[in-house]
Every structure is written in structure tokens, then in C-alpha cells.
Amino acid sequence: MSELASNLYGPDAFHQLAAARGKYIFPFALCEAGYVTSVSAGIAKVSGLPGVGFEEMVKFSETLFGIAYNIDEAEIGVILLGEDADLNVGDQVERTHRVMDIPVGDLLIGRIINPLGEPEDGGAAIAATQRLPVERRAAAIMDRAPVAVPLQTGIKVIDALIPIGRGQRELILGDRQTGKTAIAIDTIINQSDKNVLCVYCAIGQRASTVAKVVANLREKGAMDYTVVVVTEGNDPPGLKYIAPYAATSIAEYFMEQGRDVLIVYDDLTHHARAYRELSLLLRRPPGREAFPGDIFYIHSRLLERSTHLSKDLGGGSLTALPIIETEAQNISAYIPTNLISITDGQIYLSPKLFELGILPAVDVGKSVSRVGGKAQLPGYRSVTGSLKLDYAQFEELENYARFGTRLDEATRKTIEHGKRIRRWLIQHQFNPLSVAEQIVVLLALTEGYFDTIPITIFDEAEAGLLVASKELPDDIKSRLVSDKPLSEDDKNALLSLAKKALLPFETAANEPKSDRS
Ligand SMILES: Nc1ncnc2c1ncn2[C@@H]1O[C@H](COP(=O)(O)OP(=O)(O)OP(=O)(O)O)[C@@H](O)[C@H]1O
């Protein structure tokens, strides 16, 4: 039955089967069909499909499909993958004998599609020759290689202090409107010359927000190497639920070709809510915050698919940047803690820093990268030495300094140094910096060259040094991005360049009284 049935929908395949068997088969076959017993927002209950498998696609009409999700003897619960307006009790449902899949391939680059593989950019239908199931098994442990190559984001605070490696899962979390999407988009934009393909998966976002993101990607030329998978806020919950899995299959296809891929899930809070909605409608028992018991599993099986494949499998990588929205800075809520424990680190965005205009509003103390440090370029490691510690000390001392306490010389110096680190970490959106540009300034900063420059003219001084760094010999520039630490000679060359470039900005007094930053 199954061999025959799997060919029900392909007449050519049917005749091939007949020829292979060498006997005549009637060109029609029995079809297993049931009927709809109830319909509720995004879910249909169906009776009469005794042979249906878990996650099998079922067909309601030429345009409406669903995924069999709750399999009971009497009835199955189906997640609808489209609008249910025309679906009525009593309508016929057929089995398709296949699981849900999505077109994959180079044809998708530069396109905007929905999780069913249909174009959303007004372009031609996707004529991909290959399809992959949306739910796939993650690579086995022996098929994985350690994370060893950095994924440069072009964002100073991340590349210097919370580095990300190719194949890593790094969570971006923070309250609403704290710049989460901005970090992901800047990272995509920075991949223009890095040979990294990108997949941006918008889950349950407002159409205007997605349009803005796509416009920014287009303007910066990033659509040339990006696929956008989109579901909007008013889409059925079934589409929102499958969106990240479909996007991951598209990304995995490229990874399995040996390419480096970056995927952004924006955001998994909407995904978790869509799954909660479906689970409650399917009458699955609710748990904490009314989420079903397998809410951890839906995210862990998704993020486990991001990895760095071993050389034997082509050496491709899939780096994931899942985004989660917190409420009232509560990072210990259910979904954020789940995601924190699944991923290899998190970048926490603080609304307090955002209000102060310290953008990107990354809270360095609450952010961590558990595997990226090993992948960070040695050039960074030679210069970032005490940066994190100096900054943490500054943040601690800054609180005391607020009370107007009289400060000793050492404390005052630590605070002045910390202020300059903070100033350096501020970076405008759409302004990614190259590795060389970051390391040149970073070295001068950690060596205290900026401490004698009034903070009010810090930006001008930094810009002056960046202009001067363009004159660096090419061999030094290439060594900055190599896999070797900086030699003493190179360090000295960089420092003497910094000294010369910063000289005009220095003043005799290194503690401006009008300093308000
Ligand atoms: N580094 C930056 N420099 C300047 N503006 C920034 C920066 N980062 C974010 N912004 C601005 O902050 C606002 C919020 O950013 P964004 O939309 O990325 O936040 P979000 O946390 O993703 O929001 P939401 O919760 O709605 O998803 C935007 O107007 C964006 O332009």
C-alpha cells in the first residue's frame, strides 16, 4: 500500500512503477480520506484518517494544507498552514503521505518567501529543483567540528568582548525596543565581504517592521547574499510555528554545501507564543506560564541544528542568532532561561543603557560568549587583555562616584579610563568596523593613549586615528587578521602611529571639569 500510495499524486511515477513491476496496474488507486469535525483559529480536528502519521501533511484543498499533530484513535488535531475562512465542518481531508518540505538552493538568495516557499516579494514562483523537509535531524556529535573561526559582527563591543564563532548559537535578548534587531541586521550587513550567506527569519512581526528591515538590507547591498523568510503578526499560528524550522532547512542546505551561513530568528518569543496558542487549542496540558511541557524541546531541536560541520562533511557552518524579548528586564522568566541554557552565550541589551544613549545597549556584565573566545582572532586577544576587567571596575566605581565622594588618584584614573572605554563602545547603527580599524583604536585605548584626551573630543580623536590607520602598511593589516598574535614590532608600529595621530587632540590637563559623560 505505501509504495503505491506514495505515488498517488504523481502520474509519471505511477506509470514508472507499473513498468518496473512489468504488469498492468489500474491507473487509479484508493485514497485515504477523512472529514473535518471542528475548526478553531489555526487548528482543525479531523476524523477518519486511521493511517496518518505524526507530522504528515494532510490536504484540505489545493491551497490549504495542514500538519497532523495530535494523533488520537478517534480524531486527529491538525495545525493549519493557511487561512481557515473557507474550511467547514464536514469538508474532506486527504492524506499526502509526505512530511512538510521547502524549496532550497541558490535560487532563494535575494528572495523573500513565506515558510511554505511561496514568494512574498512579488517576484516569480520559486523554481527550485531541490526540497528539504522542514524538520530535520541535527548533526551527530562525531559529525561536528569545534567552533574555531570567528564570525565578525563589525560591532566593537561584540567583536572585542563577546566574540562569536562560526557555528555558535548566541542569544540576543532584551526588553522591547532596545536594539535587538539592529544588532542582528548590522551583523548581516558586515558579512558583505566575508563569504557568509545569511537567512533572516521574521516570526510574527508587523509587516511595516519587516518592510523596514528588508529596505535596510537592500540599501546596504545585503540582499545579494541573504534569504528572508517571513511570517507576519496576523498569519495563522501554524505558519509562525514552522517558520524557523523552514528557514533552518534553507540554511542547512548551504551549510551542507560547505558554506558558512548565519541565521537570525527574530524573534523566538513570538514563536513560543504561537506554539502555546496551538497547544492550548489542541488541548495539550498547559504548564508554567501556560506553555506546554515540550516548549523547551521545540527550541532545543531547532538550535541544535546550528553547528560547525566536520571537514569530512564539507566543513560548513551555521551560526544562529536567536532573539528573545524580555519583559521588565526579567531574564529569569521561563522562555529566556530556556533559551539561555540552550545557547552558547547571550548578549543582553539593557533599557537603562539605551535611555542613556549608550548604543548598542549591551550590558557587558550580563553578556557572555561561552565558545567564541576560542574563535576570536589572536590580534584581538593581544590587545583586549584587561579591557573587560577595567570596564567592570569602572562600572562598579561609577556608582560610588555619583554620590560626589572625594576620589583618590588611582580611582579617578580608573573612572576616566572606563569612561573612554564606554565612549569607544558606542557605535551607530549601520556602521560596522573592520578588524584592523577596531584593533588599532583598541590598542591605543588599552594602553591609555586616550586617557589624556578630553572625553568631549573623544569621537574626533578616534576618527583621526581611524583616518591615520589607513596608511598602515598592507603587511601589518594582513597580520592583524591572521591566526597569529601581534608581534612586539607590530604593536610598536601601531602605537607610534596612534601617538602621532592623537597628538593634536591631547591637552595638558587630562581631567576636563566640564566632563559630563
Ligand atoms: N547602535 C544604534 N545606534 C543608533 N540607533 C540604534 C542603535 N541600535 C538601535 N537603534 C535604534 O533603536 C530603535 C530600536 O531598535 P530595534 O528595532 O533594533 O529594537 P528591538 O529591540 O529589535 O525592537 P522590538 O522590540 O520592537 O523588536 C530603532 O529605532 C533603531 O534604529
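All ligand and atom numbering here is 1-based and tracks the order in the structure. All residue numbers refer to positions in the sequence shown, counting from 1. The structure displayed is predicted, hence computed values, not measured ones.
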Is any heavy atom of the protein nearer than 4.0 Å to atom 15 (O) of ligand 1?
yes

Below 4.0 angstrom, counting only protein heavy atoms, does anything approach atom 28 (C) of ligand 1?
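Within 4.0 Å: no protein heavy atom nearby.
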
Would you mind checking which non-hydrogen protein atom is closest to [atom], with the distance to 0.1 Å?
atom	result
atom 20 (P) of ligand 1	Lys180 N, 3.5 Å
atom 12 (O) of ligand 1	Phe354 CZ, 3.2 Å
atom 22 (O) of ligand 1	Thr181 OG1, 2.7 Å
atom 4 (C) of ligand 1	Leu359 CD1, 3.6 Å

Could you tell me whether some N/O pair between [X] and ligand 1 is separated by less than 3.5 angstrom?
X	answer
Thr178	yes
Gly179	yes
Ala182	yes

Working to the nearest 0.5 Å, report the span between [atom1] of [X] and [atom2] of [Y].
X	Y	atom1	atom2	value
Arg144	Ser317	CZ	OG	12.5 Å
Ile242	Ile79	CD1	CD1	9.0 Å
Ile347	Ile155	CD1	CD1	7.5 Å

Would the number of heavy atoms belonging to other residues, nucleotides or ligands and lying under 6.0 Å from CZ of Arg206 be above 12?
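Not more than 12 within 6.0 Å, no.
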
Just which atoms of ligand 1 are under 4.0 Å from any heavy atom in His428?
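Within the 4.0 Å cut-off of His428, ligand 1 contributes 1 (N), 3 (N).
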
For ligand 1, which atoms, with element, lie under 4.0 Å from some heavy atom of Arg176?
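Here the atoms of ligand 1 in question are 25 (O).
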
Run the side-chain donor-acceptor check on residues 158-165: report pairs under 3.5 Å with partners two or more places apart or on a different chain.
{"from": "Asp159", "atom 1": "OD1", "to": "Thr153", "atom 2": "N", "distance (Å)": "3.0"}
{"from": "Asp159", "atom 1": "OD1", "to": "Thr153", "atom 2": "OG1", "distance (Å)": "2.9"}
{"from": "Asp159", "atom 1": "OD2", "to": "Gln152", "atom 2": "NE2", "distance (Å)": "3.2"}
{"from": "Asp159", "atom 1": "OD2", "to": "Thr153", "atom 2": "N", "distance (Å)": "3.4"}
{"from": "Asp159", "atom 1": "OD2", "to": "Gly154", "atom 2": "N", "distance (Å)": "2.9"}
{"from": "Asp159", "atom 1": "OD2", "to": "Gln438", "atom 2": "NE2", "distance (Å)": "3.2"}

Which class fits the ring pair His299 and His271: parallel under 30°, tilted 30 to 60°, perpendicular over 60°?
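Geometry flag for His271 against His299: tilted rings.
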
Taking only residues two or more places apart in sequence or in another chain, which ones pass ring pair (Phe, Tyr, Trp, His ring centres under 6.0 Å) with Phe450?
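Once residues adjacent in sequence are excluded, the partners of Phe450 under the ring pair (Phe, Tyr, Trp, His ring centres under 6.0 Å) criterion are Phe458.
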
Taking the side chain as every heavy atom from C-beta outward, state whether Gln168 and Leu151 have any atom pair closer than 4.5 Å.
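No, side chains not in contact.
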
Pick, from Gln427, Gln429, His270, Gln177, the option with the minimum heavy-atom distance to atom 13 (C) of ligand 1.
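Shortest heavy-atom distance from atom 13 (C) of ligand 1: Gln177.
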
